[in-house]
Amino acid sequence: MPDLLLVLFLFNLSLFLLHEMDAIRRSEWQLFIILKDMEDAKAYKVFTFIHLFLYVFILSLLFSQYQSITFWVLDLFFIIHAILHLLFERHPRNGFKNTFSRSIIYPMGILAVIHLLFLMNSSI
């Protein structure tokens with residue numbers, strides 16, 4: 001894989017990690033069906049702890065023979081994730097209605113589209 005393509009992906013993955021940090025600050029668990037009814041202190045711990053396994057899973061796949069598939073899956077996830085945030089813009093518990101949060105979320109979706117286009121181009 002060309003270095004530039006890898007750097008683009010890693011930049012986008014870093015945006016995702018930044019978003020998840022912002023998500024903890026903004027109590028994103030309040031948007032999830034199971035977590036929204038929990039006491040905030042408990043939901044925070046569950047939400048944060050789940051990310052440990054998520055990060056280990058993602059990073060282990062990136063350093064495996066499934067790296068290319070992982071790029072595709074994560075790019076698609078980043079696109080869907082940005083669209084979901086757009087659809088939830090008016091949700092009363094959405095704490096991402098600010099320039100800082102939006103400047104992380106929406107570029108993540110756009111960069112994922114660009115990365116996917118480059119991936120498709122390089123596999124032809």
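Heavy-atom basis, side chains included; hydrogens, waters and symmetry copies ignored.
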field: Asn94 side chain near Gln30 side chain, heavy-atom distance below 4.5 Å
entry: no

- request: Measure the shortest side-chain to side-chain distance between Trp72 and Leu116 over non-hydrogen atoms and say whether it is less than 4.5 angstrom.
  value: yes

query: Between Tyr44 and Asp40, is a side chain to side chain contact (heavy atoms under 4.5 Å, CB included) present by the stated rule, with each step listed?
result: CA-CA 6 Å; Tyr44 158 76; Asp40 255 5; over 6 Å; no

Smallest separation among heavy atoms of [X] and [Y], with atom names:
X: Leu119; Y: Ser122; value: O-OG, 3.0 Å
X: Ala43; Y: Leu35; value: CB-O, 3.8 Å
X: Leu31; Y: His91; value: CD2-ND1, 3.2 Å

Pairs of donor and acceptor atoms involving the side chains of residues 50-64, under 3.5 Å and at least two apart or interchain, shall be tabulated with distances.
| unit_1 | atom_1 | unit_2 | atom_2 | d |
| --- | --- | --- | --- | --- |
| His51 | ND1 | Phe47 | O | 2.6 |
| His51 | NE2 | Glu20 | OE1 | 2.6 |
| Ser60 | OG | Val56 | O | 2.9 |
| Ser60 | OG | Phe57 | O | 2.9 |
| Ser64 | OG | Leu61 | O | 2.7 |
| Ser64 | OG | Tyr66 | N | 3.0 |

Spacing of [atom1] belonging to [X] relative to [atom2] belonging to [Y], to within rounding of 0.5 Å:
X: Asn12; Y: Leu111; atom1: CG; atom2: CG; answer: 4.5 Å
X: Leu5; Y: Leu10; atom1: CG; atom2: CG; answer: 10.0 Å
X: Thr70; Y: Leu13; atom1: OG1; atom2: CG; answer: 11.0 Å
X: Phe71; Y: Leu8; atom1: CZ; atom2: CG; answer: 10.0 Å
X: Phe96; Y: Arg25; atom1: CZ; atom2: CZ; answer: 10.5 Å
X: Phe32; Y: Ser27; atom1: CZ; atom2: OG; answer: 12.0 Å

Among the clusters formed by ILVMFWY side chains lying less than 4.5 Å apart, do [X] and [Y] turn up in the same one?
X: Leu17; Y: Ile24; result: no
X: Phe9; Y: Leu117; result: yes
X: Ile69; Y: Leu6; result: no
X: Ile104; Y: Leu86; result: no
X: Ile105; Y: Ile114; result: no

message: Can you confirm whether more than 12 heavy atoms, excluding those of Lys97, are under 6.0 Å from its NZ atom?
response: yes

Using atom types as modelled, flag every donor-acceptor pair under 3.5 Å from a side chain in residues 74-84 to any protein atom, sequence neighbours excluded.
| unit_1 | atom_1 | unit_2 | atom_2 | d |
| --- | --- | --- | --- | --- |
| Asp75 | OD1 | His115 | ND1 | 3.4 |
| Asp75 | OD2 | His115 | ND1 | 2.4 |
| His81 | NE2 | His19 | NE2 | 3.2 |
| His81 | NE2 | His85 | NE2 | 3.3 |

field: Ion pair Glu89/Arg102, N-O distance below 4.0 Å
entry: yes

query: Looking only at atom types and distance, does a side-chain atom of Thr48 sit under 3.5 Å from a main-chain N or O of Lys45, one as donor and one as acceptor?
result: no

